[in-house]
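Here's the structure we're looking at; comments come further down.
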Amino acid sequence: MLIRQRSSSEPLGSELTSETVYQQRRDLLKAAGLFGAAAFFSPRSYAVTPPYELVKERASAPKFLREKIMARRRSVNSTGEVVTPFDVVSTYNNFYEFGLDKADPAELAGSLRMEPWSVRVEGECAKPGNYTLEDILRPHVLEDRVYRFRCVEAWSMVVPWLGFSLADLIRRLEPSSKAKYIEFTTLNDPVQMPGQRHGGLSWPYVEALRMDEAMNPLVLMATGVYGRSLPPQNGAPLRLIVPWKYGFKSVKSIVHIRFTESQPRTTWAMTGPSEYGFFANVNPAVDHPRWTQRRERRLPGTIFNPNWRDTLPFNGYAHEVASLYRGMDLARYF
Ligand SMILES: Nc1nc2c(c(=O)[nH]1)N[C@H]1C(S)=C(S)[C@@H](COP(=O)(O)O)O[C@H]1N2
Ligand SMILES: [Mo]
C-alpha cells in the first residue's frame with residue numbers, strides 16, 4: 001500500500017509522518033528495488049511526493065480564516081519537486097510597497113492592518129459591491145496547491161500556497177458579456193506602506209488578466225501558504241497566484257477587483273513597456289532586454305551553488321495553458 005495514487009481529500013504525508021519516517025519509507029522502497037519504478041510509473045504517488053512541513057499559524061489571523069484553513073482540502077505536490085523552505089519564501093520577497101530590497105517586506109510589512117479588510121468589486125458584472133474578506137471567502141473551500149513560482153528576475157521557488165480558484169469567485173460575481181479583462185489593485189496607503197511614500201512605482205499596484213486566462217483553474221486566490229495564513233510580506237490577506245506567468249502578475253494585498261472591456265493599464269507594463277509585457281508568460285525563448293530568461297536560480301541557493309536550472313515554457317504548465325495563446329506571436333505579445 002505504499003505505492004498508490006492519493007486522492008485529494010487525504011491528508012498530506014507531511015502531516016502524518018515525520019521526516020524520519022518518510023526517509024525510512026524511502027529506504028524501504030529502495031531496498032525493495034521499488035523506488036525507481038515508483039518514481040517512473042507514478043509521479044504523483046504518495047511515496048515519491050516530496051513532503052513539506054506545515055508551518056504553525058503565528059499571526060493573529062481572523063478567526064473565520066483560521067477555521068477555514070483548518071478545514072481546507074489537502075492536495076498533492078504534483079510538481080514532484082522539493083518545496084522551498086518557508087523561511088526563504090517569507091524573507092526573500094518583492095513587495096515594493098515595503099521597499100526595494102528583498103529583505104525589506106519581511107522587516108516592514110508586519111504593521112499591515114488586515115482587519116478589517118474589504119474588496120470593492122465593480123465594472124462589467126452583475127454583483128458589484130463592497131465585500132468583506134469573510135464575504136469573499138465564505139463559499140469557497142481552501143486547498144493546498146504546490147506551484148512553481150518564477151520571478152522575472154530569473155529566480156524561482158516551489159511554494160505550497162493555500163487558496164481557491166479565481167474562476168469560482170468570478171462565477172459568483174457574474175461578469176457580463178462585455179467583461180474581457182479582470183483587474184486587481186493593491187491597497188494604497190502610504191501611512192502603512194512606507195514604499196508608497198518614496199516614489200518607486202506609480203501607486204497603487206495594478207495587475208490584470210484576460211478573462212479566459214483568469215478562468216483557468218490553475219489561477220489561485222491565495223490567502224495562505226504552508227498551511228497557515230499568508231504572512232503580510234507575501235501579500236496578506238488575499239493575493240493572486242498565476243503560476244505560468246512571471247511573479248509580478250501575482251498581485252498582493254488586493255482591495256479592488258474590476259471587470260473591464262478594454263485592456264487595463266498595468267503597473268509594470270506602464271513602468272517599462274519594453275521590458276514587461278501585459279502577458280508576461282514565462283518564456284525561455286524571449287529574453288528580458290537586460291538578461292536571459294533561459295535559466296533560473298532555484299531558491300535556496302548559495303554563492304557556491306546558485307542552483308541554476310533551465311526555465312520551462314509557461315513555467316512547466318504548458319499542457320494546461322498553451323492553448324490560451326494559440327495563434328499569438330509570443331515574442332510580440334510577451
Ligand atoms: N502589490 C504588489 N504585488 C506584487 C509585487 C509588488 O511589489 N507589489 N511584486 C511582485 C513580484 S515582482 C513578485 S516576484 C511576487 C513576489 O511574491 P512573494 O514575495 O510572495 O514571493 O509578488 C508580486 N506581487
Ligand atoms: Mo518578480
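For reference, positions follow the sequence shown, starting with 1. Order of listing sets the numbers, starting from 1, for every ligand and every atom in it.
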Sub-3.5 Å N/O-N/O distance, [X] and ligand 1:
| X | result |
| --- | --- |
| Asn94 | yes |
| Trp268 | no |
| Trp155 | no |

> What's the shortest heavy-atom distance between Asn130 and Asp135, and which atoms?
Replying inline: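 Heavy atoms only, the tightest pair is O-OD2, 4.4 Å.
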Numbered atoms of ligand 1 (with element) below 4.0 Å of [X], judged on heavy atoms:
| X | answer |
| --- | --- |
| Cys151 | 14 (S) |
| Arg239 | 15 (C), 17 (O), 18 (P), 20 (O), 22 (O) |
| Met157 | 21 (O) |

> Between the candidates Lys252, Glu153, Glu97, which shows the shortest non-hydrogen contact distance to atom 8 (N) of ligand 1?
Replying inline: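 The residue whose heavy atom sits nearest atom 8 (N) of ligand 1 is Glu97.
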> In the protein, which heavy atom is nearest to atom 7 (O) of ligand 1, and how far is it?
Replying inline: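 I find the closest protein heavy atom is Tyr96 N, 2.8 Å.
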>> To check your reading of the model: name the closest protein heavy atom to atom 15 (C) of ligand 1, its residue, and the distance in Å.
In response: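 The closest heavy atom on the protein side is Gly247 O, 3.6 Å.
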> Should the ring pair Tyr181 and Phe278 be called parallel, tilted or perpendicular, given that the plane angle runs from 0 to 90° and is split at 30 and 60?
Replying inline: perpendicular
Is it the case that the side chains of [Y] and [X] hold a donor-acceptor pair, with the cut-off being a distance below 3.5 Å and no angle test?
| X | Y | answer |
| --- | --- | --- |
| Asn234 | Lys252 | no |
| Arg297 | Ser156 | no |
| Tyr226 | Arg228 | no |

> Under 6.0 Å from the six-membered ring centre of Tyr131 and within 45° of its axis: does the NZ or CZ of Arg120 meet both?
Replying inline: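 Judged by the rule, Arg120 and Tyr131 form no cation-pi pair.
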> Centroid-to-centroid, Tyr205 to Tyr96, below 6.0 Å?
Replying inline: no
> Does Ser250 have a non-hydrogen atom less than 4.0 Å from ligand 1?
Replying inline: yes
